[in-house]
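Below is one structure, written out as structure tokens; the observations come after it.
As a basis for the values below, the full set of heavy atoms in this structure was taken, side chains included, without hydrogen atoms, waters or symmetry mates.
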Amino acid sequence: MQETKTYEEIPASAARKTVRSVIPDRTLWSLLPNLKLATQWKPIETITDPVKPWRITFNQPISLSEENWYNGKILDEVGNEFAVEIKMTADQLLLTPIAPYESGKTYTVVLSKELYSARGISLGKDIYQQFVYQSPKPPQKPEITEVTDLYSALYLGLKNIDSTIYVDKYTKDSKVAFAELEKVLRDHPEIFYYQYRGSLFWSDGRLEAKYAYSKDLIKQKKAELQWAIDTLYASVIKPGMTEYEKVKAVHDYVVLNTAYDYDNYLNNTIPNASYTMYGVLVNKTAVCNGYGLAMVYLLNQLGIDTIYVISNPSMNHGWNKVKIDNVWYNLDSTWDDPVPDRKGKVGYGYFLVSDKQLARTHSWDNTGLPKAVDTRYEYMSKIHASDSENGWIYYANKNDNSKLYKIKSDGSADQKLANVRANEIAVYNNWIYFSNYSNGGYLYKMRTDGSYLTEMTDFLTSDLRIENETLYFTDTKAKQPYRMDIE
């Protein structure tokens with residue numbers, strides 16, 4: 001049984017450590033002549049494999065004693081050891097990461113100067129190899145680069161922020177032009193700066209386009225948006241992901257990092273930005289139009305067909321239809337985001353559901369839209385709070401008074417773990433940490449097999465999260481944050 005670890009307050013002035021390079025001077029790279037690397041190490045390397053193993057080959061036999069095994073390690077950006085599996089033979093040391101590297105972060109492979117050969121001769125100097133993991137950018141859909149029809153003329157004009165767009169070769173009918181313009185804006189939410197108010201279409205076939213900002217400000221905002229998009233992809237999209245995993249990753253990121261613009265909604269003062277993907281990804285505040293358009297852009301860029309669906313006028317809402325493995329589903333990221341916003345909370349009541357399921361709460365005209373009849377992912381709707389590890393989802397089951405369950409990510413092997421009401425769930429290294437609402441919301445832990453249920457605090461806890469083998473949580477009533485080292 002794991003011992004209960006002590007926890008400590010986080011001072012209000014506490015700040016993250018500044019990231020800095022740990023590469024030593026190049027003169028420290030030389031090895032003793034009787035024990036050296038078989039190949040020359042580069043000063044820095046960019047890798048795209050999130051679980052790249054590091055194999056160090058020696059041209060002299062090394063000692064296989066137990067203490068020698070731990071003279072090779074990987075450090076993260078702040079100098080903490082990164083969890084690895086170690087394998088050693090007489091001529092090789094293999095360091096394999098247990099968890100994936102984080103994109104954009106710098107790591108350092110270190111051979112300690114204490115590493116010694118079978119003849120008992122040590123390195124004498126620490127050896128370093130620094131690397132950066134960059135996740136591959138998702139495949140992009142082919143870009144429109146030339147005017148060939150009405151659609152492309154409007155798209156390129158808006159993309160270039162042209163004040164006048166000539167489409168007389170294709171139409172001089174304002175109804176046709178604005179209908180096509182609406183399609184362009186639905187397909188390309190990155191054109192968030194166009195505004196209908198003040199825009200005019202003339203009988204000679206030219207659109208006098210108006211924009212919400214100056215051209216210079218639009219360029220600045222486009223750069224901000226692109227940075228936010230790149231950050232999202234680098235944070236959650238990993239090589240080898242299935243279409244389902246990509247959709248869930250983007251859905252969760254949007255929900256976790258966006259707050260519904262509820263106050264402005266109540267006061268009827270919603271700003272234009274909240275209707276756009278810029279509001280979602282940069283301002284972190286939006287309404288349903290912004291959520292839905294952000295999902296269109298982000299998923300289509302990943303090669304996943306996604307469309308924006310508008311409700312009947314009486315409902316005044318919008319969401320998405322998404323095609324996964326050639327099957328269509330409904331996805332409403334807005335309604336999966338708690339209101340008021342709750343940090344770390346993601347709902348799944350409207351995640352990849354059928355038309356029949358969605359029609360219980362939503363109304364729309366399904367004519368001409370792809371039909372969604374598959375129900376395989378509707379098991380997600382019963383998840384109240386959750387975290388995942390090793391192909392399992394550990395969750396509070398809304399259908400059983402938030403009792404703690406686990407289920408495989410494909411929806412199979414669903415089972416109750418404990419007869420306790422769970423919330424604020426975080427999972428690490430086969431341990432589940434959660435607020436136990438069967439006992440005052442106190443912090444508890446339990447093994448992922450349901451054993452060793454252990455009380456850890458005597459106060460209501462919230463804001464659970466795990467970073468770098470450290471559990472963070474808050475005394476909800478005292479509003480005092482704490483941290484605790486875990487392994």
Side-chain angles (χ1 to χ4, degrees), residues 1-7 50-51 81-87 96-100 238 240-242 244-245 248-249 252 344-348 351 376-473 482-487:
M1 177 175 175
Q2 186 186 48
E3 295 180 0
T4 302
K5 300 293 184 68
T6 58
Y7 51 91
V51 289
E81 284 196 40
F82 191 73
V84 296
E85 178 185 359
I86 303 171
K87 292 183 179 179
T96 304
I98 293 175
K238 310 300 180 187
M241 273 186 162
T242 64
Y244 164 80
E245 290 169 336
K248 184 176 183 298
D252 291 359
K345 293 300 180 185
V346 180
Y348 296 102
F351 179 75
R376 77 185 70 182
Y377 297 115
E378 289 183 0
Y379 72 89
M380 296 286 289
S381 64
K382 63 187 174 185
I383 294 177
H384 168 60
S386 69
D387 198 6
S388 303
E389 186 179 65
N390 300 326
W392 287 89
I393 301 171
Y394 301 89
Y395 72 99
N397 190 338
K398 290 193 293 186
N399 297 341
D400 188 15
N401 198 25
S402 293
K403 298 296 177 61
L404 190 57
Y405 277 65
K406 72 176 181 179
I407 189 172
K408 287 187 176 179
S409 54
D410 63 1
S412 64
D414 192 18
Q415 56 192 281
K416 181 184 284 189
L417 282 175
N419 195 36
V420 294
R421 297 177 59 229
N423 197 10
E424 302 280 346
I425 297 172
V427 182
Y428 182 76
N429 199 21
N430 296 316
W431 283 91
I432 308 168
Y433 301 86
F434 64 98
S435 297
N436 185 351
Y437 274 59
S438 292
N439 186 24
Y442 297 173
L443 177 63
Y444 272 65
K445 67 180 180 182
M446 183 176 62
R447 297 289 284 180
T448 53
D449 63 2
S451 62
Y452 298 120
L453 181 66
T454 307
E455 181 180 321
M456 303 181 70
T457 72
D458 59 357
F459 51 79
L460 175 64
T461 55
S462 57
D463 302 330
L464 268 68
R465 74 181 193 280
I466 295 173
E467 295 180 7
N468 298 323
E469 298 185 344
T470 301
L471 174 67
Y472 296 88
F473 56 94
Y482 292 90
R483 63 186 169 204
M484 180 180 67
D485 291 335
I486 56 178
E487 296 179 356

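Residues Y472 and Y433 place their aromatic rings such that the two centres sit no closer than 6.0 Å.
Panel note: side chain K403, backbone A418; no donor-acceptor pair is recorded below 3.5 Å. Using a distance-only test at 3.5 Å, with no hydrogens or angles considered, a donor-acceptor pair links the side chain of T454 to the main chain of Y452. The closest donor-acceptor contact from the side chain of T470 to the backbone of D485 lies at 3.5 Å or more, if one exists at all. In this structure a side-chain-to-backbone donor-acceptor pair under 3.5 Å is present from E389 to N429. Looking at Q415, its side chain does come within 3.5 Å of a backbone N or O of A413 through a donor-acceptor pair.
Between A83 and E469, the shortest heavy-atom distance links the atoms CB-OE2, 4.4 Å. What you find for I393 and M380 is that their closest heavy atoms are CD1-SD, 4.1 Å. Across all their heavy atoms, T461 and E424 have their closest contact at O-CG, 4.3 Å. Residues S381 and K398 come closest through the heavy atom pair O-CE, 2.9 Å. The two atoms that bring I425 and A385 nearest to each other are CD1-O, 3.4 Å, heavy atoms only. Considering all non-hydrogen atoms of both residues, L464 and S435 come closest at CD1-OG, 3.9 Å.
Looking at heavy atoms from C-beta onward, N390 lies out of side-chain contact with T448 at the 4.5 angstrom threshold. Between T96 and K87 there is no side-chain heavy-atom pair separated by less than 4.5 Å. Side-chain contact between W431 and R447 is present, with heavy atoms from C-beta onward closer than 4.5 Å.
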Requested in this report: Evaluate the criterion side chain to side chain donor-acceptor pair (under 3.5 Å) for residue pair D410 and Y379; output intermediate values, then yes/no.
Outcome: CA-CA 9 Å; D410 63 1; Y379 72 89; over 6 Å; no

Query - Stepwise ring pair (Phe, Tyr, Trp, His ring centres under 6.0 Å) check, Y377 with Y244 - result: CA-CA 10 Å; Y377 297 115; Y244 164 80; 4.7 Å; yes

Query - Criterion side chain to side chain contact (heavy atoms under 4.5 Å, CB included) on Y348 and K248, from CA distance to verdict - result: CA-CA 10 Å; Y348 296 102; K248 184 176 183 298; 3.3 Å; yes

Query raised in the report: Can D414 and K382 be said to form a side chain to side chain contact (heavy atoms under 4.5 Å, CB included), step by step?
Result: CA-CA 11 Å; D414 192 18; K382 63 187 174 185; 2.6 Å; yes

**Report entry** CA sep, side-chain torsions, deciding dist, call: L417, I432, side chain to side chain contact (heavy atoms under 4.5 Å, CB included)
**Finding:** CA-CA 11 Å; L417 282 175; I432 308 168; 3.7 Å; yes

Requested in this report: Step by step, work out the side chain to side chain contact (heavy atoms under 4.5 Å, CB included) result for N401 and R421.
Outcome: CA-CA 7 Å; N401 198 25; R421 297 177 59 229; 3.5 Å; yes

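Residues D463 and Y482 have side chains that never bring a donor and an acceptor to within less than 3.5 angstrom of each other. Side chains of Y405 and D400: a donor on one and an acceptor on the other come within 3.5 Å. Side chains of Y442 and E455: no donor on one and acceptor on the other come within 3.5 Å.
Within a 6.0 Å radius of NZ in K416, more than 12 heavy atoms belonging to other residues, nucleotides or ligands are found.
Applying the salt bridge (Lys or Arg N to Asp or Glu O under 4.0 Å) test to every pair with at least one member in residues 427-438, sequence neighbours left out, gives no pairs at all.
Of the residues N419, L404, V420, the one that meets the side-chain contact (heavy atoms from CB on, under 4.5 Å) test with L453 is V420. Each of Y395, Y394, F351 was checked for a side-chain contact (heavy atoms from CB on, under 4.5 Å) with I383, and the lone residue meeting it is Y395.
Between I407 atom CD1 and S388 atom OG the span is 11.0 Å, to the nearest 0.5 Å. The structure places CG of L443 at 6.0 Å from CG of L471, a figure rounded to the nearest 0.5 Å. The structure places NZ of K238 at 12.5 Å from CD of E245, a figure rounded to the nearest 0.5 Å. With values rounded to the nearest 0.5 angstrom, M484 atom CE is found 9.5 Å from T457 atom OG1. In this structure, F434 CZ and S402 OG are separated by 12.0 Å, a value rounded to the nearest 0.5 Å.
At a threshold of 4.0 Å, the pair D387-R465 does not count as salt-bridged, since none of the basic side-chain nitrogens sits closer than that to a carboxylate oxygen.
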